[in-house]
Amino acid sequence: MSGTRSKLLAFLQVLLLACSLTRSQFPPSKDTCCNLDSRFGEFCPTTCGVFNFLSKHRGTTDYQLSVLEKSLQAIENATTLTRRQMETIEQSNVVIKKQLPDTFIKRIRDIQTDIFRFERVSEDKNVELREIESILSSNREVISRLKRTTQELHARCGKTCRDTIEIFEVTGRDCQEIADKGARKSGLYYIKPDRTKQQFLVYCEIDSAGRGWTVLQRRLDGSVNFYKNWVQYKEGFGYLSPADRTEFWLGNEKMHLLTMQQHRPYLLKITLKDWSGEESYAFYNGFKVASEEEGYRLIYSFFDRGSAGNAFEGFAFKEDDTSGWWMNKCHAANLNGNYYQGGHYTADQTPSGFDNGIIWATWRDRWYSLKETTMKIIPIRRYSELQHLEQEQTQDMPRGDN
């Protein structure tokens, strides 16, 4: 700023010298005078006049120049600060320009990831919706069938109902008593043993001699699964049919009520058939089944006879991994075992590696599952009477000529 003041003073000196030369050559007038100002007189100022003028106003001029210098300095400082801020901004812009692409790319990738995730979720939901639609369609078909069935049942119920299965009207304590009342046709009958609150349905096998066998169990083709729990063995399961061509277990409780009637001991006949069609039998005298409190324990007086041999070893009725039967630690018989087509089976086919087929080990080995079995009972006294009567009738039959 001091340099500016020096330049101004030098300019004024040159100006005074020019005015002095002009005054010597041209008389002062309005046309020739440098500046007519009342403060300098009527003529162009002399050097001394100018000096006096400057001396007079120097303080004010210095002050004004000082103020101007400070203003210029402030402007210069502001300009410097502004330039630095501009540089900082430019540097920040460079950094931002470098960072922005990475930030945007990451954001775009995040958005793409979200979009892919949404598409997968949407596809899963679409699959679920299609499954639900399939289920709804299936349910509509089921409902439609149920409606048709309901309409058919309503139509049937509008008519007088008739049983399609023939159940004979004759009843008794067991099938032998029914036969003693004159029944001579095998089929379904209701019986009501002593101390029984309600009668129940059984299949009665009645022969021409009048013997009435009450059938307790039948295995034929493996159509019924004998892997049942305690309650099912207690109540019985399977199907009774007039032609006796279905599998069933009459039920431990019914067997107990039947065999525990006073003064009515029973003979048990077991019929076995293998896969070659050969049959064998086992008879047990005094067959009984104890109460549930006693575990439906098997009781019999003795093995009577039979080519199948005596395979009863267990006494308490138990459930194992495949069925229920009277057994102890091991068993030589289990007519409620798993049904194996063809007879022979191996340990690899069983759940525990032990024999679990339809077994009667005194006739066929443990790894041979029988094709058909039947358990049926008849009162011993009446059986003996009918056997004796049949023998007498046979002896009395006329013989042909020799």
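Keep in mind the model is a prediction, meaning the values are calculated, not measured.
For OH of Y239, the number of neighbouring non-hydrogen atoms (other residues, nucleotides, ligands) closer than 6.0 Å is 12 at most. R184 CZ: more than 12 foreign heavy atoms inside a 6.0 Å radius. Shown here is K181, whose NZ atom has more than 12 heavy atoms of other residues, nucleotides or ligands within 6.0 Å. Around CZ of F302, the count of heavy atoms belonging to other residues, nucleotides or ligands within 6.0 Å exceeds 12.
Looking at N310, its side chain does come within 3.5 Å of a backbone N or O of F312 through a donor-acceptor pair. With hydrogens and angles disregarded, no donor-acceptor distance shorter than 3.5 Å links the side chain of S223 to the backbone of E247. Within the 3.5 Å criterion, the main-chain N or O of D355 finds no donor-acceptor partner in the side chain of T350. A donor-acceptor contact shorter than 3.5 Å links the side chain of K254 to the backbone of E235. Side-chain atoms of T82 come within 3.5 Å of backbone atoms of A78 as a donor-acceptor pair (strictly under, hydrogens ignored). Under a 3.5 Å cut-off, the side chain of R381 and the backbone N or O of H263 do not form any donor-acceptor pair. A donor-acceptor pair under 3.5 Å is formed between the side chain of W360 and the backbone N or O of A308. Proximity of a side-chain donor or acceptor of T171 to a complementary backbone N or O of I191 within less than 3.5 Å is not detected. In this structure, the side chain of W325 engages the main chain of A333 through a donor-acceptor pair within 3.5 Å.
For the pair T246 and S241, the tightest heavy-atom approach, listed with the atom from each and the gap, is OG1-OG, 3.2 Å. The shortest heavy-atom contact between S280 and S307 is OG-OG, 2.6 Å. The minimum heavy-atom distance linking Q232 with F237 is given by the pair O-CD2, 3.5 Å. The two residues L201 and L240 make their nearest non-hydrogen contact at O-CD1, 3.5 Å. Residues A311 and A332 approach most closely at O-CB, 3.6 Å, considering heavy atoms. Contact between I299 and A290 at its shortest, heavy atoms only, is CD1-CB, 4.3 Å.
No side-chain donor-acceptor contact under 3.5 Å links S276 and E278. Between the side chains of Q176 and Y383, no donor N or O sits under 3.5 Å from an acceptor N or O. Between the side chains of S144 and R140, no donor N or O sits under 3.5 Å from an acceptor N or O. A donor-acceptor contact under 3.5 angstrom links the side chains of Y296 and E253, judged on distance only. Side-chain contact annotation: E205 with Y203, donor-acceptor N/O pair under 3.5 Å absent. There is no side-chain donor-acceptor pair under 3.5 Å between Q262 and D194.
Counting heavy atoms from C-beta on, the side chains of Q85 and L81 come closer than 4.5 Å. With a 4.5 Å cut-off on side-chain heavy atoms, R83 and T79 count as touching. When side chains are defined from C-beta on, Q387 counts as touching R211, because their heavy atoms get closer than 4.5 Å. Counting heavy atoms from C-beta outward, M255 and M375 have side chains that stay 4.5 Å or more apart. You'll find the side chain of T373 reaches within 4.5 Å of the side chain of Q217, heavy atoms only. In this structure the side chain of H388 never reaches within 4.5 angstrom of the side chain of S384, judged on heavy atoms.
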request  = Please lay out, stage by stage, how F226 and W249 fare under the test ring pair (Phe, Tyr, Trp, His ring centres under 6.0 Å).
outcome  = CA-CA 8 Å; F226 273 63; W249 177 259; 7.1 Å; no

task = Please report the C-alpha distance between I270 and F287 in whole Å, then the side-chain angles of each, then the deciding distance to 0.1 Å, and finally whether the side-chain contact (heavy atoms from CB on, under 4.5 Å) criterion is met.
result = CA-CA 12 Å; I270 294 176; F287 172 77; over 6 Å; no

ask   = Where do Y189 and F168 land on the ring pair (Phe, Tyr, Trp, His ring centres under 6.0 Å) test, with the steps shown first?
value = CA-CA 5 Å; Y189 294 85; F168 296 102; 4.7 Å; yes

task = Give the intermediate values and the outcome of side-chain contact (heavy atoms from CB on, under 4.5 Å) for residues Y266 and D174.
result = CA-CA 11 Å; Y266 283 89; D174 54 28; 2.5 Å; yes

key: Step-by-step salt bridge (charged side-chain N to carboxylate O under 4.0 Å, His left out) determination, R130 to E123   = CA-CA 10 Å; R130 287 194 291 270; E123 182 62 26; 3.5 Å; yes

request  = Step by step, work out the side-chain contact (heavy atoms from CB on, under 4.5 Å) result for V142 and R145.
outcome  = CA-CA 5 Å; V142 172; R145 289 197 299 269; 3.4 Å; yes

ask   = When you look at W367 and Q349, which way does the side-chain hydrogen bond (donor to acceptor under 3.5 Å, both in side chains) test go after all the steps?
value = CA-CA 11 Å; W367 297 103; Q349 295 175 261; over 6 Å; no

request  = Take Y284 and L298 through the side-chain contact (heavy atoms from CB on, under 4.5 Å) test and state the conclusion after the steps.
outcome  = CA-CA 11 Å; Y284 290 88; L298 169 66; over 6 Å; no

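For the atom pair T259 OG1 and Q261 CD, the distance stands at 8.5 Å (nearest 0.5 Å). Of the inter-residue distances, the one linking T80 atom OG1 with I75 atom CD1 reads 11.5 Å to the nearest 0.5 angstrom. Rounding to the nearest 0.5 Å gives a distance of 7.0 Å between NZ of K288 and OG of S301. With rounding to the nearest 0.5 angstrom, the CG atom of N338 is 11.5 Å from the CG atom of N336. Rounded to the nearest 0.5 angstrom, L370 CG and K273 NZ are separated by 11.5 Å. Rounding to the nearest 0.5 angstrom, the gap separating the CD1 atom in I108 from the OG1 atom in T113 is 11.5 Å.
Using cut-offs of 30° and 60° for the angle between ring planes, the W275 and Y339 rings count as perpendicular. Taking the six-membered ring for Trp and thresholds of 30 and 60 degrees, Y340 and Y345 have nearly parallel ring planes, at less than 30 degrees apart.
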